[in-house]
Amino acid sequence: MNGYLLDRVMKDVLRVVEPLQDDWAARFQVINELRDVVQSIESLRGATIEPFGSFVSNLFSRWGDLDLSVQLHNGSYISTAGKKHKQSLLKDIQKALRKKGGWYKLQLIPHARVPILKIEHIQHKISCDISIDNLVGQMKSKILLWLNDIDGRFHDMVLLVKEWAKAHDINNSKQGTFNSYSLSLLVIFHFQTCSPAILPPLKDIYPGNVADNLKGVRAEVESKIARTCATNIARFKSRTINRSSLSELFVSFLVKFSDISSKASELGICPYTGQWLEIESNMRWLPKTYAIFVEDPFEQPENTARAINARQLARISEAFWMTHLRLTSVHQNQSLILNDLARPQISQFIINPSGSSSAPAFNIGNHPPIRPQVHQASVTQPRPWIQHQFQNNVPRFNMGNFPHISPQAPHTGTTQSRPPVKHKTPKTKRTVSNPNGLKAGEPSNPSKIYNGQGQQKWRPRS
């Protein structure tokens, strides 16, 4: 395997799929517009719109969906609306959006485990999933964001794995394959089971079931979770560093899950313990009715891969194995690697990035053709260690009452909107701005809450 070539191609893919400042600004504009609609609905007086999912965890690509929770007003206490009430409120939002205009594909899915309203913004072509009182989703997203501070390769691996899965058509829960959240959990599990481990078992980050603990005064509950995670993350960061390159991690990821179709009949994936667990001996998972079990570490014992069926699992396993064989072949070249790692829309632009009339236009899903900008920073050396640096003087991301935000660059004078990143390579550095630099009631960095309050401060290494 030509590790240098594979690393270089992976960085090319990342430069195309990573969000630009315009992608962040467009999503904030969508959130602001939805907030105005929600505030106009009588049954939702006092409610707020709060993002979660990959947008908050900084694990979304340029074409990623936007997950939004309508948090009902319940004073300082966590609201717990019943399923029928949620269905009714989503119908009210659906009616208001139809009346307002600017949205299409308004599809209500009332009988899902979590009722949602699926919509798409006409101007920005951004798909949104709206749910009610989805605080557990918000907390999951924040913890995934904090994991980025342990090792920035987590962010890159998730984006690469999701793009690879899209290229092989195995990132669509509607068609019986992985959803993006379960793919992120597979990356976490892989990083937990490397030698030496890059990430700890998630029980060592938060020793409890997050979903069960979201009761009572919201600020106190969230602060306790954040404080616990900050302390444990700081403790783990002092351990042995795994120095594998991104290409080595990706190839070992493929190997680890290449026989998943046979393993899944007996073993479940448990990121909470960081171990394969026997299904028959785990009373929380029985009776087993799934083709594969990927437990949600924050909402146990929910199976995040419950949509996968046996036929698709065999195809998923084949995708892992065949990609591994091709990437480790001696007959590698850029074109062959790109065919395995990315969709044609991505790979063609990498091969011909000139932006001339001969360059292929993007048309992902139902999006109109666009010619994407790509990050101008060039990385000539593999960057296996990435450090997310959270600055205390940066305005914080608002997870609560969203102020109106101008759809301009989130930070004046910056060109991108990711968290500040330093690539620890011998010759090259690239610094990128903070995606959470937009003011908010809930900080993306748990340590920010506790400065001056006698708690352990969480300061990433510079």
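Computed from heavy atoms alone, side chains included, the values below leave out hydrogens, waters and symmetry copies. For reference, positions follow the sequence shown, starting with 1. Everything numeric in this text was worked out from a predicted model, so none of it was measured.
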With rounding to the nearest 0.5 Å, note down the distance linking [atom1] in [X] to [atom2] in [Y].
| X | Y | atom1 | atom2 | value |
| --- | --- | --- | --- | --- |
| Q192 | T273 | CD | OG1 | 7.5 Å |
| E50 | D67 | CD | CG | 13.5 Å |
| I130 | L34 | CD1 | CG | 5.0 Å |

Keeping the roles fixed (side chain from [X], backbone from [Y]), state whether a donor-acceptor pair exists under 3.5 Å.
| X | Y | answer |
| --- | --- | --- |
| S245 | E248 | yes |
| D65 | C128 | no |
| S265 | S261 | no |
| S317 | L313 | no |
| K83 | A112 | yes |
| D204 | P200 | no |
| N303 | I292 | yes |
| S281 | E278 | yes |
| D156 | R153 | no |
| N179 | S182 | yes |

Any salt bridge (charged side-chain N to carboxylate O under 4.0 Å, His left out) pairs touching residues 172-189, not counting sequence neighbours? none
Pairs touching residues 129-139 that satisfy salt bridge (charged side-chain N to carboxylate O under 4.0 Å, His left out), sequence neighbours left out: K118-D129
Tell me every residue that passes side chain to side chain contact (heavy atoms under 4.5 Å, CB included) with [X], counting only those two or more places apart in sequence or in another chain.
| X | value |
| --- | --- |
| L106 | Q94, L97, R98, W103, I119 |
| W285 | C270, L277, I279, N282, F293, E295, P301 |
| T323 | W164, H168, L254, R326, L327, D340 |
| D296 | K140, Y181, F298, E299, E302, T304 |

Please give me the minimum heavy-atom distance between [X] and [Y], naming the atom from each residue.
| X | Y | value |
| --- | --- | --- |
| P196 | I241 | CG-O, 4.0 Å |
| G3 | S247 | O-OG, 3.6 Å |
| R27 | W63 | NH2-C, 3.9 Å |
| V56 | L145 | O-CD2, 3.7 Å |
| K162 | L59 | NZ-O, 2.5 Å |
| S141 | S57 | O-CB, 3.3 Å |

Salt-bridge contact E18-R62 (side-chain N to carboxylate O under 4.0 Å): no
Side-chain ion pair, R15 and D12, N-O less than 4.0 Å: yes
Please tell me if the side chains of [X] and [Y] come closer than 4.5 Å, counting only heavy atoms from C-beta onward.
| X | Y | value |
| --- | --- | --- |
| N134 | V70 | no |
| N213 | V210 | no |
| L199 | I205 | no |
| L90 | I132 | yes |
| R315 | D169 | yes |

Worked verdict on K125 versus E120 for salt bridge (Lys or Arg N to Asp or Glu O under 4.0 Å): CA-CA 6 Å; K125 310 301 178 187; E120 188 165 322; 5.7 Å; no
Taking only residues two or more places apart in sequence or in another chain, which ones pass side chain to side chain donor-acceptor pair (under 3.5 Å) with [X]?
| X | value |
| --- | --- |
| S61 | none |
| S258 | none |
| Q300 | R284 |
| S69 | Q71 |

Partners of F253 by ring pair (Phe, Tyr, Trp, His ring centres under 6.0 Å), sequence neighbours excluded? H190, F257, F320
Can you name the ring pair (Phe, Tyr, Trp, His ring centres under 6.0 Å) partners of F52, sequence neighbours left out? none
Apply salt bridge (Lys or Arg N to Asp or Glu O under 4.0 Å) to D149 and K237, showing your working. CA-CA 9 Å; D149 191 55; K237 286 173 64 177; 3.0 Å; yes
Please tell me whether W24 and F60 form a close aromatic pair, meaning their ring centres lie under 6.0 Å apart. yes
For T177 and Q312, what are the C-alpha separation, side-chain angles and deciding distance, and is it a side chain to side chain donor-acceptor pair (under 3.5 Å)? CA-CA 6 Å; T177 58; Q312 294 287 34; 5.8 Å; no
So, Y272 versus N209: side-chain donor-acceptor pair below 3.5 Å or not? no
Taking it one step at a time, do H121 and E33 satisfy side chain to side chain donor-acceptor pair (under 3.5 Å)? CA-CA 10 Å; H121 194 271; E33 290 182 19; 2.9 Å; yes
In sequence, state the C-alpha distance, the side-chain angles, and the governing distance for N333 and S335, and then conclude on side chain to side chain donor-acceptor pair (under 3.5 Å). CA-CA 6 Å; N333 59 49; S335 179; 4.6 Å; no
Given side chain to side chain donor-acceptor pair (under 3.5 Å), test K256 with T193 step by step and report yes or no. CA-CA 9 Å; K256 186 168 294 180; T193 51; 2.6 Å; yes
